[in-house]
Amino acid sequence: MNFRNIISVDELSQSDVRRLFYAARSPHTLPKLNSAVLMTAFFENSTRTRLSFEMAAHRLGMRVVSFHTSSSSMSKGEREKETLDNLFALSPDIAVVRMGCNFDRAWLPTHTAVINGGDGIHEHPSQALLDSFTLLEHFKSDDLSGRTVLIIGDVVHSRVAHSNIKLMTRLGARVIILAPPIFSETLALGQTRMIRSFDELDEQVDAVMCLRMQKERMEKTLISDQEFSRQFAMTTNRFKSFGSQCVVMHPGPMNLGVEIDEAVAYHERSLILSQVRNGVVIRSAMMAHCLGALS
Ligand code: CP
């Protein structure tokens, strides 16, 4: 079988991205993948990514097997890498893998398509695709040119931000990052602009994306919740100051009252649950693409 992996958004050409968005807009036209087996192998917890891949697989008529670390033989001392080798040896047609470390392409099997479900601080390509798809749907547009997206918070540890910066920029958006040096100093910025406080913002923003602090990737506390919130939280007043054209996004999981206020998360201009909803159609299209079934 011809198959493709998606470990990074870099592997997707501009026409691949267009085809994925086109297919996600008309999920009923996607081919049924009735004989295919999806394995979800998440070595880190997940609510949205794992379940939306599994939902997508069921919608496509696929069969699903799920690996859970808590009930696996990792409790007997088997390491992640050996566990992954064994999961790939079971030969699913496609595997969605989430790992705490960055994915090493040398681990890729020759007989199974692999989608990165989020690896370490590297990338989260399905999240970036569904985020841009959600913005395009909101703006009723085919690209993000002329749009400015402000990404706020712990960008350096965020695989979501890394994939989003690349993809949104490729789709024409201007990306601004608002983060303290502790969450941005090692970042390769590309075409993005970096600011350190809301006061520095002197241009109209069309979408803000709030990020949680990725505490599981820090050896010690870098900033308290209270201080982070004081400087960077998307409060009701701050959101109001962006104007009525601005929407708010969050990849989840959210820490309400830390990086985003509950009233903003559930505001009528919040796209957060649209992001989750769109996760199913984007991930359906991704699996069809990886299995060579997308025309
Ligand atoms: N955005 C995201 O990856 O959410 P989950 O950790 O719930 O999958």
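Read the numbers this way: they start at 1 and go in the same order the structure lists the ligands and their atoms. For clarity, every value in this text was computed on a predicted model and none was experimentally measured.
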Face-on cation placement of R147 at F139 ring, 6.0 Å and 45° thresholds: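 Satisfied, under 6.0 Å and within 45°.
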
Carboxylate-amine/guanidinium contact D10 K166, below 4.0 Å: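 K166 and D10: salt-bridged.
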
R4/D16 salt bridge by N-O under 4.0 Å criterion: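 Yes, charged N to carboxylate O under 4.0 Å.
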
Any protein N/O atoms within less than 3.5 Å of an N/O atom in ligand 1? List the atom names and distances, or say none.
from	atom 1	to	atom 2	distance (Å)
ligand 1	1 (N)	Q127	OE1	3.0
ligand 1	1 (N)	P251	O	2.8
ligand 1	1 (N)	G252	O	3.2
ligand 1	3 (O)	T49	OG1	3.0
ligand 1	3 (O)	R98	NH2	2.9
ligand 1	3 (O)	H124	NE2	2.9
ligand 1	4 (O)	R48	NE	3.1
ligand 1	6 (O)	R98	NH1	2.9
ligand 1	7 (O)	T47	N	2.8
ligand 1	7 (O)	R48	N	2.9
ligand 1	7 (O)	R48	NE	3.0
ligand 1	7 (O)	R48	NH2	3.0
ligand 1	8 (O)	S46	OG	2.6
ligand 1	8 (O)	T49	N	2.9
ligand 1	8 (O)	T49	OG1	2.6
ligand 1	8 (O)	R98	NH1	3.4
ligand 1	8 (O)	R98	NH2	3.2

Residue pair C290 / I115, side-chain heavy-atom distance below 4.5 Å: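 The answer is yes, as the side chains (C-beta and beyond) meet within the 4.5 Å cut-off.
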
Remaining members of the apolar cluster that contains L51, side-chain heavy atoms under 4.5 Å: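 The other cluster members (ILVMFWY side chains, heavy atoms under 4.5 Å, direct or chained): none.
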
Neighbour count above 12 (heavy atom, 6.0 Å) for R105 CZ: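 For R105, atom CZ is crowded (more than 12 foreign heavy atoms under 6.0 Å).
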
